[in-house]
Amino acid sequence: MDFLTIIQVLDSTVRLATPLLLACLAGLYSERAGIFDIGLEGKMLMAAFFSAAVAAVSGSVWLGLLAGIASSLVLSGLHGLASITFRGNQLISGVAINFLAAGMTVLIAQDWFKQGGRTPSLFAGGRFEPINFPFAEALSGVPILGPIYSELLSGHSILVYLAFLAVPGTWWVLYRTRFGLRLRAVGENPAAVDTAGVSVVGLRYAAVAICGVLCGIAGAYLATALQAGFVKDMTAGRGFIALAALIFAKWRPWQAMWACLLFGLLQAIALRFQNIDLGGVVIPVQVMDALPYILTVVILAGFVGKAIPPRAGGEPYVKER
Amino acid sequence: MTVPAIELKGISKSFGPVQANKDISISVAPGTIHGIIGENGAGKSTLMSILYGFYKADKGEIWINGAKTEIPDSQAAIAAGIGMVFQHFKLVENFTVLENIILGAEDGGLLKPSLAKARKTLKELATEYELNVDPDAVIEEIGVGMQQRVEILKALYRQADILILDEPTGVLTPAEADQLFRILHRLKDEGKTIILITHKLREIMEATDTVSVMRRGQMTATVKTSETNPQHLAELMVGRKVLLQVDKVPAKVGAPVLEIENLHVTDEKGVERVKGINLEVRAGEILGIAGVAGNGQSELLEVLGGMRPGTGSIRLNGSPLALSGAGSDARARRDQHIAHVPEDRQREGLIMDFHAWENVAFGYHHDPAYQSGIFMNNAALRADTERKIEKFDVRPADGWLAAKNFSGGNQQKIVVAREIERNPDLLLVGQPTRGVDIGAIEFIHQQIVALRDQGKAVLLVSVELEEIFSLSDRIAVMFDGHIMGERLPHETDEKELGLLMAGVDGKAA
Amino acid sequence: MERPLKMDKMPKWADVVLIPVISLILAAILSALVIVAIGEDPVEAVNLMVTGALGSTYGWGYTLYYATNFMFTGLAVAVAFHARMFNIGGEGQAMLGGLGVAMVCLYVPWPHWSLALLAACAGAMIFGAAWAAVPAYLQAKRGSHIVITTIMFNFIAAAVLNYMLVNVMRPQGSMDPASARFPEAVHLPTLHELLAPIGISFSKAAPANVTLLVAILACFVVWALIWRTRLGYEIRAYGHSETGALYAGISPVKITMIAMLISGALAGLMATNNVMGEAERLVLNSTEGAGFIGIAVALMGRSHPFGVFLAAILFGFLYQGGAELALWTSIPRELIVVIQALVILFTGALDNMVRMPLEKMFLAMRKGKA
Amino acid sequence: EPALIFDLGGKFDKSFNEAAHNGASRWAEETGGKYREIELQSEAQREQALRRFAEAGSNPVITMGFAMADPLSAVAADYPDTKFVAVDVTWLDAPNVRQIGFAEHEGSYLVGMMAAMASKSGTVGFIGGMDIPLIRHFGCGYAQGAKAVNPDVNIVANMTGTTPSAWNDPVKGSELTKAQIAQGADVIYAAAGGTGVGVLQTAADEGILSIGVDSNQNHLHPGKVLTSMLKRVDVAVYDAMKAGADVETGVFTMGLAEEGVGVAMDDNNASLVSDDMKGAVETARQDIIDGKTTVVSYYENDSCPAVSF
Ligand SMILES: Nc1ncnc2c1ncn2[C@@H]1O[C@H](COP(=O)(O)OP(=O)(O)OP(=O)(O)O)[C@@H](O)[C@H]1O
Ligand SMILES: Nc1ncnc2c1ncn2[C@@H]1O[C@H](COP(=O)(O)OP(=O)(O)OP(=O)(O)O)[C@@H](O)[C@H]1O
Ligand SMILES: [Mg+2]
Ligand SMILES: [Mg+2]
């Protein structure tokens, strides 16, 4: 592989890691607060559809983004209602939300656009355009650093930069603010938070809402930046890979970024090369496709250090039996 | 008359069909220590949790310092100057002491200034009340006594004037408990009001100014401590004359049934809980193991019962038992005629959603008598259940009722019936009468003694010294995973055992 | 001593029948609203679904065909539920079951379908169980959350199947990633063929086949297993209380493994219906999400085989009705996915929304009586 | 009334299925007739859809894509009175099936010529959908055409995947396009169904030319799509519907001569197509029809003389 190919692969790694990262951070907020969320996939999908649909109709990608976030928030609210207010099973709620999104998006798309469950293709204005850094063009000739600057760092949509900025942001919120302290506490021992005079329900809804916003951005990125419109099932398991990355990262923000980049890299490689020939041994593309999932299982098996989830995770906070 | 610091008027609270508090009224004078006693499940914790805003009362009013106060949540309670140390601590295990202290009482949105301020305040409080803790220690790495200090500091940091402590001494050694009471007295001298929940009459008599007694969700009496005595309080607690003496003939001790040598047990977290103990239980005797909760007794019982692995050696009637791997599980133990009445009947001894008759087979479901071909012989099982229900006077005598629908004492009777009726060589018993009323206590004690009189060996673990004294033929005291010493009941007293339980070797002292 | 208060918050029938029915009604109302919202007539839609799915032996044939799938996956989820595990991996296990069935059917010359069916059942169960074995082992020994591992194994199963069909089982020169057709000898009798001798004429075209009987048999076997055998006793005890199981000498590792293996085997068994009974060859995505529908079926059926049986038929009806909608109207097939989501939501996640007020009501009624 | 079964990817894939949809709509508009249709969601539905339509008396039942061959071979015999039309299937032995194949290599040859002529870098790209002989057949014709214009042309060829999802993966199409651009390609031919939407989109975003397939895709990005290789599935469907139950069965191949394949010239790409190009394409077309030029089919010996995949 020559240098330029490597840059190209890394460039697409960044693009492909972005939705994973946003979803992964979304999951991080929710799960750190003790609400497991296997509905990331569904929220992203819903947001992808609504962002594309509204962007297509209004011609404004920003309105699309807002619509995407709003739709994802609605599903978050549903998850909150089920798992916080009604103390239901969080996993089952997540499963339901995934199905709901898979069905509703196509149903609404068909009703609105009559294009077989997709939105019309988005054109300029309806999409997030790449942002080119100053002098990117001019510097591209500089050896090594030039392509890194102009190809790898420059030329992504604003949501990509937003996603990567959200990493230090999340770290700061989690470990340096009152809200973060309480959030982490409520995922470990909600009774401690409750008796300290802080509302468990409020905190958890806040976490679930942040999760919704981030999933909304992730979905909007898929439909209005990475692609130009919504197609059925376009999240293609990304929500689950994000979840895998979250476990891989042991629910920590920086590690989440590296995990998402790793999974993005795997995807980028699998996308570009069908079967990879490693000196005689041919790795079939199916192995590359399955690699993030296999890795997750390996991690869960504890071979790469044990991943201990937030202690109160998955359990509704019940005071009165 | 001074305005009461706390006044509860007509508090009622139900959890579904269970009425935990029934129209309770109580008034606590400022600057006093007020005790609350009552049996398990009497509703003490519930009442205090209502005062602290953890639960919401169905009915009733709360008055603080003469003003009617709504306490919908703990925030309001804290604002009203109330602090509470719960029976089960409410700490975030993987946070530091400092983080736990400021949680919910931060100054501003950023943590840094809050932490700095708390560190300073903590130092002051530590010197003022002898409450030393390392602010940077992580909770899960410090002992329970230390954790309790953190809870008290949490309340003081929030400038509580009214401090509620729910069974604070259950996890403490007598020495630690003494220190706690010193602190409480200092707080009282500063004018703070303290409510102390306990069911240890001695503590009530020593530490409190007034005492309230609860029974079955109702407040049965409030009296000045100086005007009452333990016997009277006990009667108020259980609602009739108390008789805690078990009639028993002297033991006819035979050959050793259980021999334990150099037994070590490590828990899931890798902490060694039993640190090389040697014990012997002989036929026809009851060996009582005394100790403060959490000193390895539970683990000892669990290893013997086949619920967790250990190392060392144990022999039953001379032949060795496996301590780990194959043949060390509870089923193997039962096959070797070891029966086990577990400490926690609801989590271990019974499946709460199973019918009584299903529970009668629990652990013995492999018994050939309960099988017919590849299926279980449910008819035989139900017949057996009927017999046991009758013999042990389980009420209601309905084998189809789910275990959860029996009262605590009757649940315990089902467990005891199941285990004792197996006629085991060795009976392991943990906290046999926890949460069981006096009538059932007598019955259960009689059954245990009867088994011993048949020449069987009994190993009894209990945190109630009274129970240990009245049942045991021999007493061993456990502290920090070690056997501190063995005594004969008539040659020792509560004081000596208390010292042993605190890790102080009575003879050396 | 007086008889203690009955502690159950409400009668058992309310828990088992009333709550699911109310949840189902809520899901149905919302579904109707969805249909109205996309500009269709819900009455018309229901009409179409009912006639399409139940109005002819042809419709019944498809309804029962789908129901057969869902019985297997529903039982799979239910058995795991009894051991308090949430097996989301039915989809992957069923896919692998398909692989097992295909191998049995393709690589062994069978003299008669009945022998082939027995062997295919074995193959399906072994492959399905094998696919559940790793998540089960990791749960039992390493405490890795079974939900996440089974989700991962669904994806991995898809990749395995993909590889097998593209690179191994695809006949020479064929373009689709699918196995060869199974030989005529392993053709399973359809309901048409089964019922004809007793004088009932059943549609020839519908795929419902003899595996329906296998599924019903499986319901009985699971019922007996769970409520009549020692193993079932242990599974239920473990599901209710893990410390209790330890106390009773029930090995958590053993029960976790066995329950998941049974669950995987049941999910795998589904392949005898869709792969052997219907398609008669192995194709990609032959499971069509039935593994997930098993979750809804088990939740609706309260994890009881009879409940699962009824819920499977309900979902079979929804599925066939939905397919009919897609054929004759412009309502996309995804409407069924939405209905399925609503059923899972209401019977599973929002269960308490119905339960809490009902409990209050029963409590008040009891107090009123007392 | 006729019925139409779309392949996975759906009727609005802007490509293969959409062409069929267009043909059917044209028939419906012109005759006022009605037809039934269904978009398949999974492999398993193929047989059900066939049977359901046959049961309901639809005639003819038109299917799209080679993957219907196997289910058809099982179902067709059960409904001897129903006529089936199978697009992209030519190898079945069934008396009541009209099987239609296209000489995609011939049309691809023409767009390959245009690609080579339009390319400034001397590198042209090909992005196929699912990696099957049919798509290699497209790619092979394309490569031969490009080589015919410029023997030194560099051809980069990629396939999207090995399963039907390869027809519907715009993200992958887009990534592969970027990869090919990095390798110097400045004209890319997408023979990948719905995946091609991503290819065309990215090509337009990155300022290079693309070539559409099956339907006329020139309008998707006016002035940025060089041309489209038309595969007149619409005509095939239209004709079959028009013939109705009397549709002639047997195996039919539609090549340049039958106008079954061709290149799309319209206002959207007028500015991109020079007169030179037009001339060259026209000559080549005639030469192929006359047999003066032969385009080697990939099927002949499962290999391509002009490019390796
Ligand atoms: N959160 C709850 N949900 C349902 N029932 C409860 C809850 N907490 C307590 N109860 C029930 O209310 C009754 C009173 O319990 P409470 O904990 O107040 O007793 P207590 O006097 O503190 O007993 P102990 O001495 O064991 O601590 C008991 O029957 C108990 O089972
Ligand atoms: N605090 C309470 N207030 C009202 N009812 C209670 C309370 N605690 C328990 N109960 C209910 O009263 C019934 C008797 O419970 P309890 O455990 O006190 O039994 P008991 O009468 O002491 O019998 P036993 O002697 O078997 O323990 C049970 O149904 C229980 O649910
Ligand atoms: Mg209490
Ligand atoms: Mg009692």
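All chains are named by letter (A, B, ...) in the order of the sequence lines, taking the proteins before the strands, and each is independently numbered beginning at 1.
Residue B:R308: no heavy atom, backbone or side chain, is found under 4.5 Å from chain C. For C:E242, no part lies near chain B; criterion is any non-hydrogen pair under 4.5 Å. In this structure, chain C has no heavy atom under 4.5 Å from any part of B:A332. In this structure, chain C has heavy atoms under 4.5 Å from both the backbone and the side chain of B:F362. Of the two parts of B:E358, the backbone and the side chain both hold a non-hydrogen atom closer than 4.5 Å to a non-hydrogen atom of chain C. With a 4.5 angstrom heavy-atom cutoff, B:I351 touches chain C only via side-chain atoms. In this structure, no portion of C:L231 lies under 4.5 Å from any heavy atom of chain B.
Note on C:R230, C:K360, C:H240, C:E234: by heavy-atom pairs under 4.5 Å with chain B, the leading option is C:R230. Between chain C and the residues B:S14, B:G306, B:G373, B:A361, the largest count of heavy-atom pairs under 4.5 Å involves B:A361. Chain B forms the most heavy-atom pairs under 4.5 Å with one residue out of C:G232, C:A245, C:G249, C:S251, and that residue is C:G249.
A salt bridge links B:D384 with B:K388: at least one charged nitrogen is closer than 4.0 Å to a carboxylate oxygen. Comment: C:D351 engages C:R302 in a salt bridge, judged by a side-chain N to carboxylate O separation of less than 4.0 angstrom. In summary, B:D23 and B:K59 do not engage in a salt bridge, as defined by a charged side-chain N under 4.0 Å from a carboxylate O.
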Stepwise salt bridge (Lys or Arg N to Asp or Glu O under 4.0 Å) test for B:D353 and C:R236: CA-CA 10 Å; B:D353 286 317; C:R236 283 183 298 129; over 6 Å; no
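Checked against a 6.0 Å centroid threshold, the rings of C:F86 and C:F81 count as neighbours.
Taking the centre and axis of the six-membered ring of C:Y247, the NZ or CZ atom of B:R334 falls inside the cone set by 45° and 6.0 Å.
Between C:M260 and C:Y137 there is no side-chain heavy-atom pair separated by less than 4.5 Å.
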